[in-house]
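Okay, so here's the structure we're looking at.
Being a predicted model, the structure only gives us computed values, none of them experimental.
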Amino acid sequence: MRLLLSIVILTGLFLPVSAQKSNYKNIPGVVVTYRDADEGQYIGSPGICILPNGNYIATHDLFGKKSTEFTSAISKVYLSENKGKLWKEIAALEGQFWSKPFVFKSVLYILGTDKHHGNVVIRKSMDGGFNWTKPTDSKSGLLIEGEFHCAPMPLVSHNGYLWKAMERADGEIKKWGLRYSTFMMSVKEDADLLNAENWRHTNSLPYDSTYLNGNFGAWIEGNAVLTPEKKIVNLLRVHNPNDKENEYAAIVNVSDDGRISAFDKEKDFIKFPGGSKKFTIKFDEKAQRYLAIVNYVPKEYRGKIQLDRVRNTQALVSSTDLRNWVVHDILLQHPDTKKHGFNYIDWEFDGKDIVFVSRTAYDFGSKSAKNYHDANFLTFHRLKNYRKLLKKNLDSISQ
């Protein structure tokens with residue numbers, strides 16, 4: 001097995017990836033990369049996928065006052081050839097933000113926006129992530145022009161189409177949360193994914209201040225999910241900052257023809273552990289359960305802090321029906337909520353294991369992250385024999 005070499009920037013010093021374990025021994029998981037908080041650029045939007053040859057791809061973008069997120073954002077691409085033990089940077093993509101890497105028909109893609117509230121763009125790589133197409137027009141990956149928002153959310157295959165949830169960010173009130181409206185995109189599986197004409201979209205459902213008895217703050221970062229009834233829904237993170245005991249998600253129904261999104265405010269808000277932070281839902285065929293890794297808030301933290309700001313804990317949760325959820329086990333946790341966080345987990349099944357990446361805010365020697373949100377690490381983690389954890393029950397969230 002050949003040795004992977006990489007460069008990690010540590011306040012002006014360059015260290016080979018082989019030195020990572022000794023330098024980062026107190027950091028949970030495997031460090032993929034590190035950014036000193038003093039640089040004013042932070043780790044965002046972690047993404048992961050598995051190549052046909054078994055190698056792993058991890059991605060993240062850079063945000064912060066000293067980044068280019070509002071002009072032409074930068075996303076980094078990393079490769080591991082030994083199941084996540086060592087990583088190297090293999091590409092930097094200019095004009096790629098909030099993006100999800102994924103493999104479809106043995107080809108690597110990445111889909112997101114080109115900047116903060118930018119155009120929807122997609123690229124593909126034919127060599128495992130080293131070289132990428134450029135989305136210069138509607139034939140080469142520029143899918144929709146305008147102001148959009150998303151995150152590294154999963155794409156789902158159903159009825160001959162790939163489905164991806166997105167948000168418009170062009171609401172009349174230019175304020176976080178209020179400006180977002182949710183919709184679903186889809187494309188035929190046998191079509192050219194880089195050709196904008198091949199994609200169809202539902203209507204967009206805007207922010208509504210009357211939802212949740214007037215406590216509704218936003219819905220964003222939706223999951224395309226296939227229900228037990230074989231219907232596509234968009235299951236979204238919900239911002240409701242005034243409730244310090246319960247977190248919610250929203251289930252938006254999508255028509256079979258991919259043209260209509262519909263929502264019933266009386267029955268389609270659900271209590272969801274970690275629902276006020278980004279989460280990814282996938283279905284386990286063998287277990288016949290929907291799984292997610294979430295920023296669950298343990299009972300000792302509730303009632304004290306705005307729940308979307310508690311990101312010091314990640315837990316494995318599952319459901320059989322998408323509406324009633326069980327918290328099985330704590331995967332990551334630090335007692336401090338101010339400068340420690342495990343954010344925006346993206347994950348994939350890998351045989352009997354789950355592999356995931358985290359936007360991690362953590363101490364490094366005498367240095368700390370700026371706060372729980374502005375992360376200084378991208379970390380990789382493996383959850384071995386995850387189905388064993390499904391027998392545990394720490395908490396139940398029933399409707």
Side-chain angles (χ1 to χ4, degrees), residues 47-49 98 100-104 111 149-167 180-187 189 199-205 219-238 247-264 267-296 315-328 344-349 354 356 386 390 397-399:
I48 190 170
C49 65
W98 291 333
K100 170 61 181 172
F102 65 99
V103 173
F104 181 66
L111 192 159
H149 177 274
C150 62
M153 309 307 298
L155 288 87
V156 171
S157 176
H158 173 60
N159 200 25
Y161 282 82
L162 282 180
W163 304 77
K164 174 71 167 69
M166 297 287 294
E167 295 89 46
Y180 298 129
S181 58
T182 184
F183 71 102
M184 185 72 71
M185 301 173 60
S186 55
V187 61
E189 293 182 357
W199 289 80
R200 62 187 186 181
H201 322 104
T202 68
N203 57 301
S204 298
L205 298 179
W219 52 10
I220 57 172
E221 298 166 350
N223 289 262
V225 186
L226 189 64
T227 70
E229 296 75 30
K230 305 303 179 184
K231 298 288 186 180
I232 289 290
V233 296
N234 181 3
L235 207 155
L236 298 113
R237 164 188 174 185
V238 169
E247 294 179 276
Y248 295 85
I251 301 177
V252 172
N253 295 287
V254 179
S255 62
D256 292 340
D257 64 2
R259 299 293 184 183
I260 300 173
S261 286
F263 182 72
D264 186 334
K267 68 177 185 179
D268 289 336
F269 282 113
I270 62 169
K271 291 181 179 179
F272 186 91
S276 63
K277 287 83 62 172
K278 183 262 188 187
F279 53 88
T280 289
I281 298 174
K282 295 177 182 287
F283 187 68
D284 182 349
E285 290 285 353
K286 185 174 181 178
Q288 287 293 295
R289 301 187 74 88
Y290 297 93
L291 306 185
I293 299 175
V294 302
N295 275 129
Y296 171 67
L316 178 68
V317 303
S318 79
S319 172
T320 58
D321 61 4
L322 292 174
R323 290 181 175 271
N324 299 284
W325 291 83
V326 176
V327 180
H328 294 291
Y344 274 62
I345 300 297
D346 189 36
W347 62 273
E348 296 285 349
F349 293 115
I354 285 174
F356 63 96
Y386 67 89
L390 301 181
I397 313 297
S398 299
Q399 306 310 308

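- More than 12 heavy-atom neighbours from other residues, nucleotides or ligands sit within 6.0 angstrom of NZ on K282.
- With sequence neighbours excluded, the residues satisfying ring pair (Phe, Tyr, Trp, His ring centres under 6.0 Å) with F269 are Y211, F216, F263.
- The side-chain heavy atoms of F356 and T280, taken from C-beta on, include no pair separated by under 4.5 Å.
- The closest side-chain heavy-atom distance from L291 to V317 is not below 4.5 Å.
- Note that CD1 of I345 is 11.0 Å distant from CD1 of I354, once rounded to the nearest 0.5 Å.
- Shown here for A292 and I281, the closest heavy-atom pair between the two residues is CB-CG1, 4.0 Å.
- Between P228 and F283, the closest side-chain pair of non-hydrogen atoms is not below 4.5 Å.
- Here the CE-NZ distance, from M153 to K278, works out to 5.0 Å after rounding to the nearest 0.5 Å.
- Pairing each heavy atom of P152 with each of G47, the nearest pair is CB-CA, 4.5 Å.
- I220 CD1 to S181 OG: the interatomic distance, rounded to the nearest 0.5 Å, is 12.5 Å.
- Across all their heavy atoms, C49 and P101 have their closest contact at CB-O, 3.7 Å.
- Note on ring orientation: taking the six-membered ring where Trp is involved, the planes of H158 and W163 are tilted (angle from 30° to 60°).
- In this structure, the side chains of F104 and L162 come closer than 4.5 Å at one or more pairs of heavy atoms.
- Considering only heavy atoms from C-beta on, L390 stays 4.5 Å or farther from V326 through its side chain.
- Separating the CD atom in E167 from the OH atom in Y180 is a distance of 8.0 Å, to the nearest 0.5 Å.
- Y344 places a side-chain heavy atom less than 4.5 Å from the side chain of E221.
- Of all the heavy atoms in E348 and K100, the pair that sits closest is OE2-NZ, 3.2 Å.
- For the atom pair CE of M184 and NZ of K164, the computed distance is 9.0 Å after rounding to the nearest 0.5 Å.
- The shortest non-hydrogen separation linking L316 to Y386 is CD2-O, 4.2 Å.
- Under the ring pair (Phe, Tyr, Trp, His ring centres under 6.0 Å) test applied with W325, the options F272, Y296, F279, Y290 reduce to a single match, F272.
- Checking S186, S255, S261 one by one against T202, the side chain to side chain donor-acceptor pair (under 3.5 Å) holds for a single residue, S261.
- For the 3.5 Å distance criterion, the side chains of T182 and N234 qualify, holding a donor opposite an acceptor.
- When the options N159, D256, N253 are evaluated for a side chain to side chain donor-acceptor pair (under 3.5 Å) with K231, the one that passes is D256.
- Of all heavy-atom pairs between E247 and N295, the closest is OE1-O, 4.1 Å.
- A donor-acceptor distance shorter than 3.5 angstrom exists from the side chain of N223 to the backbone of L235, with no hydrogens or angles considered.
- With rounding to the nearest 0.5 angstrom, the CD1 atom of I251 is 4.0 Å from the CD1 atom of I270.
- Side-chain contact between R323 and D268 is present, with heavy atoms from C-beta onward closer than 4.5 Å.
- Counting heavy atoms from C-beta outward, R237 and W219 have side chains that stay 4.5 Å or more apart.
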